[in-house]
Amino acid sequence: MTAAAKRGNRGPMRLEHAVEALGKTALHEALGLDAPAVVRRSQDEKHGDYQLNGVLPLAKKLGKNPRELAALVAEKLQNPSIFSKVEVAGPGFINLKLTDSWLAEQLALLANDANDGIEQVAPDTIVVDFSGPNIAKQMHVGHLRSTILGDALVKILRAQGHKVLGDNHLGDWGTQFGLLIVGMRTFGDAEAMKKDPIVELERVYKLASEAKKDEVFANEARAELAKLQAGDPDNKKLWEQFVAVTRESLDVVYADLGVTFDYWLGESAYNDALPGVVATVKAAGIAREDNGALCVFFKELEDAPKDLAANEQPFIVQKSDGAFNYATTDIATVFHRSTVFQADRSIYVVDNRQSLHFKQLFEVAKRLGDRQKLTHVGFGSVLGPDGKPLKTRDASGKVITLKNLLDEATETAKKRLVEEELDLPADELDAVAKAVGIGAVKYADLRQNRLSDYTFDWDKMIAFRGNAGPYLQYAFARTQSIFRKAEVAPAEALKAPFVLAEPSERALALALLAYPDAVAGAAEHLEPHRICDHLYGLARAVASFYEECPVLKSEGATRASRLALVATAGKQLEAGLKLLGITPIARM
RNA sequence: GCCUGCGUAGCUCAGUGGAUAGAGCAGCGCUUUCCUAAAGCGUUGGUCGCAGGUUCGACUCCUGCCGCGGGCGCCA
């Protein structure tokens with residue numbers, strides 16, 4: 001039984017699914033076969049609300065005239081309580097217009113649904129691995145994508161009913177610590193370390209990275225790393241200090257962003273498991289030694305995926321000096337998620353540049369018997385206005401740390417709020433400014449397809465105009481403003497029957513009813529920007545509705561219905577913003 | 001060289017094999033005695049990189065080419 005069937009007629013449905021199902025039934029009745037109805041929203045409203053495209057490929061297959069076939073199907077679709085118009089058009093499309101009363105009925109289900117209409121699925125345990133910053137570095141704009149995307153994905157999957165574990169897989173182990181230890185001894189400034197430890201760590205790390213070109217320095221670093229990994233107490237103490245200092249600076253940014261994790265299992269958490277991983281890989285017979293390192297060569301394996309086999313690049317599980325690397329750690333992490341977390345799926349929200357590594361990792365994990373569904377959610381790089389990878393300083397020499405960006409966005413929002421001279425209580429000003437500023441930064445990142453590179457434009461990001469975070473917050477605030485004046489609680493208003501008379505009321509209803517499909521699409525493709533698109537469309541529908549339909553000045557059933565529309569829109573904007581990790585504000 | 005991603009309006013970007021390819025910004029014009037103008041309405045703007053192919057139908061799928069980026073041995 002499907003989730004929708006289980007729910008019976010008590011909960012709302014995904015509208016597109018519902019129409020698809022009606023279409024499928026009609027195809028079956030008319031032609032005696034099962035085929036997808038291929039239902040899509042109409043691009044142009046003069047073609048109706050939805051169109052059924054499935055007849056055309058069938059006509060080809062059956063060798064029949066598509067328009068005649070479409071006419072047969074259209075006949076079976078006749079149902080005056082659901083469709084006000086069923087029309088064969090063009091080469092064999094069937095245009096469908098839904099009745100106002102059926103829309104109103106569906107809308108009432110949606111408005112009063114506990115999950116805002118989001119389809120509840122059979123729950124999986126899903127680990128979302130995101131953010132994963134490195135020790136000794138401040139977060140910069142490049143870290144935003146993984147953090148924001150991952151956080152949104154956690155929330156979206158949770159909203160579907162999954163058990164989701166957010167895991168921050170910190171880069172807290174490995175070669176860089178040898179460098180840091182020697183670097184601190186050579187270049188460290190105790191005063192600076194007290195004053196602004198993360199900045200000092202970063203400075204020292206940069207110097208050490210330069211200095212490692214010198215063989216003596218590099219050897220020293222390797223020796224200190226070996227000591228650390230062997231459990232040397234002095235080095236362990238230093239390592240702990242580096243991690244703690246970094247963690248402090250990270251916590252400030254995560255607090256600003258409102259991002260939390262269920263686990264902080266960095267690379268160091270898997271140290272003890274690494275020898276076992278190597279043993280397992282050896283036992284599976286998929287690796288061999290090459291130049292002293294233990295490597296998996298995919299072109300030597302049976303049935304290896306073509307792109308992996310075509311690549312010379314081996315997957316190195318143990319280095320020639322016997323040490324382990326990130327491949328080893330990542331395999332251990334996969335095992336941990338399977339055995340300890342009982343995860344059905346793991347999702348890695350990591351830069352596209354690591355896509356080969358993840359393909360290799362997933363293939364190896366499969367060959368080692370892991371049964372999780374492993375997915376790499378990649379994303380493009382952050383580019384500067386010149387189209388090149390973003391510098392850590394902008395043209396004016398300003399350091400683009402994430403903290404600086406968030407602070408400036410908040411400042412700009414605050415300035416704007418003061419200028420507007422709204423009736424905002426003074427004690428709310430800072431919180432609202434923060435919600436607006438940070439919401440703008442998050443939305444600017446989330447609204448784009450994650451795969452494309454991202455052109456970072458500081459000014460645009462804090463312009464707060466058009467398709468931007470503050471516009472959505474503004475749309476929500478306006479809905480709440482109406483209820484303050486109406487002196488009715490939105491939850492009460494929702495209970496009124498919907499009357500869809502004006503075109504903008506109908507358009508708003510259609511926009512609202514598309515939410516469950518948008519969330520399902522975002523979850524299926526792991527693309528939060530689908531929710532951004534939906535919410536922006538909804539906010540526009542609400543704005544147009546305000547122009548055409550006075551709410552408070554209307555009367556009787558019309559007023560009650562309009563209040564219900566505003567309440568439903570407000571509820572959905574609020575829920576949708578929360579899925580994106582953006583704070584809805586009742587007053588701005 | 002091999003692998004991989006991208007190329008859509010002046011700029012930044014959407015676009016499930018379907019009808020006349022859409023937004024925002026920028027430009028031009030209009031709307032505030034009216035529930036928040038961070039808004040609304042209108043308008044200008046396109047060889048969907050190029051060439052083939054598959055298809056009733058291609059921005060979408062396939063092949064080749066051009067252009068830009070990323071990855072390519074012990075960093076992560």
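In what follows, every chain begins at residue 1, and chains take the letters A, B, ... in the order their sequences are listed.
- With rounding to the nearest 0.5 Å, the separation of CG in L308(A) from CZ in F315(A) is 10.0 Å.
- Among all heavy-atom pairs drawn from S131(A) and T147(A), the shortest one is OG-OG1, 2.9 Å.
- Contact annotation for N95(A): base contact, defined as any heavy-atom pair under 4.0 Å involving a base atom.
- Pairing of C35(B), defined by two Watson-Crick or G-U wobble distances under 3.5 Å, is not identified with any nucleotide.
- Sorted by first and then second residue, the salt bridge (charged side-chain N to carboxylate O under 4.0 Å, His left out) pairs with a member in residues 37-54 of chain A read D44(A)-K46(A), D49(A)-R506(A); sequence neighbours excluded.
- Donor-acceptor pairing under 3.5 Å is lacking for the side chains of N352(A) and H376(A).
- Among D445(A), D351(A), D453(A), the single residue meeting the salt bridge (Lys or Arg N to Asp or Glu O under 4.0 Å) criterion with R145(A) is D445(A).
- The base-pairing partner of G29(B), taking Watson-Crick or G-U wobble contacts with both distances under 3.5 Å, is C41(B).
- One can place NZ of K485(A) at 10 Å from P of C34(B), the figure rounded to the nearest angstrom.
- With a 3.5 Å ceiling on both atom-pair distances, the Watson-Crick or G-U wobble partner of G24(B) is C11(B).
- On the C1' atoms, A76(B) is 15 Å away from G70(B), given to the nearest whole Å.
- Classified by interplanar angle (parallel below 30°, tilted 30° to 60°, perpendicular above 60°), the ring pair F362(A)/F358(A) is tilted.
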Generate the contact string for nucleotides 25-32 of chain B. Rules: B means base contact, S means sugar-phosphate contact only, - means no protein heavy atom under 4.0 Å. SS------
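- E548(A) comes within 4.0 angstrom of no nucleic acid atom, judged by non-hydrogen atoms across all strands.
- Contact annotation: S452(A) does not reach the phosphate of G7(B) (side-chain N/O to OP1 or OP2, under 4.0 Å).
- Taking atom C1' on both nucleotides, C41(B) is separated from U32(B) by 14 Å, rounded to a whole Å.
- The P atoms of U43(B) and C6(B) are separated by 34 Å, rounded to the nearest whole Å.
- Residue contacts shown for K212(A) are absent, as no nucleic acid heavy atom lies under 4.0 Å away.
- The phosphate of C13(B) has OP1 or OP2 within less than 4.0 Å of a side-chain N or O from T455(A).
- Pair check for A51(B) finds U63(B); Watson-Crick or G-U wobble, both atom distances under 3.5 Å.
- The separation between Q448(A) atom CD and G7(B) atom P is 12 Å, rounded to whole Å.
- When rounded to the nearest whole Å, the span between CG of D49(A) and P of A19(B) equals 17 Å.
- A468(A) comes within contact range of no nucleotide atom at all, as no heavy-atom separation falls under 4.0 Å.
- Comparing G5(B) with U55(B), their P atoms are spaced 26 Å from each other, to the whole Å.
- Listed by residue number, H529(A), D533(A), Y536(A) are the residues of residues 526-537 of chain A with a heavy-atom contact under 4.0 Å to RNA chain B.
- Residues from residues 431-442 of chain A lying near RNA chain B, meaning a heavy-atom separation below 4.0 Å, are V436(A) in numerical order.
- To the nearest whole angstrom, the two C1' atoms, one in G22(B) and one in A14(B), are 7 Å apart.
- Within the 4.0 Å cut-off from OP1 or OP2 of A37(B), at least one side-chain nitrogen or oxygen of R478(A) is found.
- Side-chain polar atoms of N95(A) and Y50(A) form no donor-acceptor pair below 3.5 angstrom.
- Among the protein residues, P66(A) comes within range of no part of the nucleic acid, since none of its heavy atoms lies under 4.0 Å from any strand.
- Summarising the base pairing, A19(B) is matched to no nucleotide, lacking a Watson-Crick or G-U wobble pair whose two defining distances lie under 3.5 Å.
- Judged by distance alone, with hydrogens and angles left aside, N53(A) brings no side-chain donor or acceptor close enough to the base of A19(B) to form a pair under 3.5 Å.
- Which of G24(B), U4(B), U36(B) sits closest to the side chain of K359(A) comes down to U4(B).
- Checking the phosphate oxygens (OP1, OP2) of A19(B), no side-chain nitrogen or oxygen of S42(A) falls inside 4.0 Å.
- Partner of W173(A) under the ring-ring contact (aromatic ring centres under 6.0 Å, His included) criterion, chosen from Y326(A), F242(A), W239(A), Y270(A): W239(A).
- Rounding to whole angstrom units, CD of residue E45(A) and C1' of U20(B) are separated by 15 Å.
- Look at OH on Y443(A): it is 12 Å from P on G24(B), rounded to the nearest Å.
- Taking atom CG of residue L58(A) and atom P of nucleotide G57(B), one finds them 17 Å apart after rounding to whole Å.
- Shown here, C68(B) forms a base pair with G5(B); the pair counts as Watson-Crick or G-U wobble because both key distances fall under 3.5 Å.
- For the pair K306(A) and R41(A), both in contact range of RNA chain B, the more 5′-proximal nearest nucleotide belongs to K306(A).
- In this view, K64(A) satisfies the salt bridge (charged side-chain N to carboxylate O under 4.0 Å, His left out) rule with no residue, not counting sequence neighbours.
- Here G15(B) presents its P atom at 11 Å from CZ of R450(A), a figure rounded to the nearest Å.
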Taking protein heavy atoms under 4.0 Å as touching, what does nucleotides 71-76 of chain B look like 5' to 3' if B marks base contact, S marks sugar-phosphate-only contact and - marks none? SSBBSB
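- Under the Watson-Crick or G-U wobble criterion, with both distances below 3.5 Å, C75(B) has no partner in any strand shown.
- Proximity of N449(A) to the phosphate of G15(B): a side-chain N or O atom is located under 4.0 Å from OP1 or OP2.
- Residue S355(A) has no polar side-chain atom (N or O) positioned under 4.0 Å from OP1 or OP2 of U4(B).
- The residue F464(A) sits close to a base: some heavy atom pair falls under 4.0 Å.
- Residue contacts shown for S544(A) are limited to sugar-phosphate atoms, with no base heavy atom under 4.0 Å away.
- Base orientation of U16(B): anti, the glycosidic angle falling outside 90° of 0.
- As rounded to whole Å, 11 Å separates atom P of C35(B) from atom OH of Y474(A).
- Residue Q473(A) is classed as having no contact, given no heavy-atom separation below 4.0 Å to the nucleic acid.
- In the set C3(B), C35(B), A38(B), C3(B) carries the atom at the smallest distance from any side-chain atom of D307(A).
- Spacing of C1' atoms, C35(B) relative to G29(B), comes out at 27 Å, to the nearest Å.
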